[in-house]
Protein chains: 2
Amino acid sequence: MYKPLFDHIGKFVNLEASDIDKLKSCLELSKIKKKEHVLIEGQVCNTIYFVIKGCMRQYIINSKGAEQTLQFGIENWWITDYLSYHNHVPSSFYLQAVENTEVIAIDKTVLEALLTEIPSLERYFRIVSQKTFGAMQMRIKFLFTMSAEERYHHFNDHFPEFVQRVPQYMIASYLDFSAEFMSKIRAGKI
Amino acid sequence: MYKPLFDHIGKFVNLEASDIDKLKSCLELSKIKKKEHVLIEGQVCNTIYFVIKGCMRQYIINSKGAEQTLQFGIENWWITDYLSYHNHVPSSFYLQAVENTEVIAIDKTVLEALLTEIPSLERYFRIVSQKTFGAMQMRIKFLFTMSAEERYHHFNDHFPEFVQRVPQYMIASYLDFSAEFMSKIRAGKI
DNA sequence: TAAAAAACTTGAACTACTTCAAGAAATGCA
DNA sequence: TGCATTTCTTGAAGTAGTTCAAGTTTTTTA
């Protein structure tokens, strides 16, 4: 049941059998119901989540009271508020399940201890977070250079199933335009 | 002369004397003249840079032929194209010195070998990249929730010296608005 | 220190989006 | 199954920004 995580780790590093056991003994599967939060604004985030099944999102509530999705986390993604996690400061974000979701939730103190014990695991997280950072650099590029319509088509071309999977208004805010505008793009009225 | 790097590492992990020696023997200072590039679009990025003195920037050339700065790297920052670096794919970015700059440039093969040998260094890079990712999450939040004018004032309040230090049109594109608009904000004409 | 190059400013015209409001369609739940 | 809730659509009016073009100021270089 932790297989997806060990498969993912195996893509980047080789863990010894003893390390796998050690890690396994610290893991716990948790189920999060659709719309349930695992983090709300103002809380300090002390947990990191690996999505086994389902979908999580990170969002904020803007000055007009509207939700804006900043990040999704689907199968085989880690999701957390890294700034709150590392600096022990109150989070600016909400972390919520978009669907009924199964995650492996690892507490910071548990994870930090594991990382010191298992250098390969440290390596895994280093590689994954650098790659994720690289993806974020590309995202900034797309946000800066493409029009709203281009962003929609680009995203839809790359992740067609995902666009079907979550509400349109979440995709719209993730791509930084209004839900109404997305509706018009889809209808070809732009 | 590598002191800034060892100071920075020391903030996050403790390196043994032998590790410091090992690392030191692999480092090399390099000087980059203002406007000189260390990476251009289409090249594979095989190097990671730590800024000792000066300022680097990552930028793209958009469809209208204009430069857009996506990221700055000042003293004590690491800068590279992480996606190109990790996936061995051609870069979408330019990396250029904004001022005459001194960097420690570490080749990927050298660094990867060092990281396997020195687990604390792996830990250092894991922590730094997760923190940087956290900062990027906040940046996305600001881009999504603040108006151009708010972004300018927020940035200017937090980094007043930096705003003086680099050309306005680079700051403008980093904050995702036009140089002309920034000029009008500064003149109070908005 | 003059000339060239780079950076900044200004106003006028334009446009890619947002906002609002209301209704229609789809989905979830008792 | 039917009612409530959530999500999506549509059009009209508004606006936060861009683009363009030209002039001014500042910085760099020979």
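Each chain gets a letter, A, B and so on, in the order its sequence line appears, and its residues count up from 1.
When each of dT9(C), dT10(C), dT7(D) is scored by its nearest atom to the side-chain atoms of Ala187(B), the top-ranked nucleotide is dT10(C).
With a 6.0 Å cutoff to the six-membered ring centre and a 45° limit on the axis angle, Lys24(B) counts as a cation-pi contact of Phe6(B). Both tests hold for Arg139(B) against Tyr174(B): distance to the six-membered ring centre under 6.0 Å, angle to the ring axis within 45°.
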Any N/O pairs under 3.5 Å between the protein and nucleotides 23-30 of chain D? List them or say none.
| unit_1 | atom_1 | unit_2 | atom_2 | d |
| --- | --- | --- | --- | --- |
| dT28(D) | OP1 | Lys34(B) | NZ | 3.4 |

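In this structure, Arg123(B) does not pair ionically with Glu117(A), as no charged nitrogen and carboxylate oxygen lie closer than 4.0 Å. Ion pair Lys141(B)/Glu41(A) not flagged as a salt bridge, since none of the NZ, NE, NH1 or NH2 atoms sits closer than 4.0 Å to an Asp/Glu carboxylate oxygen.
Rounded to whole Å, the distance from CD on Gln96(B) to P on dA6(C) is 12 Å.
For dT6(D), neither phosphate oxygen OP1 nor OP2 lies less than 4.0 angstrom from any side-chain nitrogen or oxygen of Gln168(A).
The side-chain heavy atoms of Ile79(A) and Ile48(A), taken from C-beta on, include no pair separated by under 4.5 Å.
For the side-chain contact (heavy atoms from CB on, under 4.5 Å) with Glu99(A), the lone residue among Arg165(A), Arg57(A), Met56(A), Lys34(A) that qualifies is Arg165(A).
Annotation: the terminal axes of the helix from dT1(C)-dA30(D) to dA30(C)-dT1(D) meet at 60°, where each axis is the rotation carrying the C1' atoms of four end pairs onto the next four (5 pairs per end, rounded to 10°).
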Just by protein heavy atoms under 4.0 Å, how would nucleotides 11-21 of chain D read 5' to 3' in B, S and -?
BB----BBBB-
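Classified by interplanar angle (parallel below 30°, tilted 30° to 60°, perpendicular above 60°), the ring pair Phe133(B)/Tyr82(A) is perpendicular.
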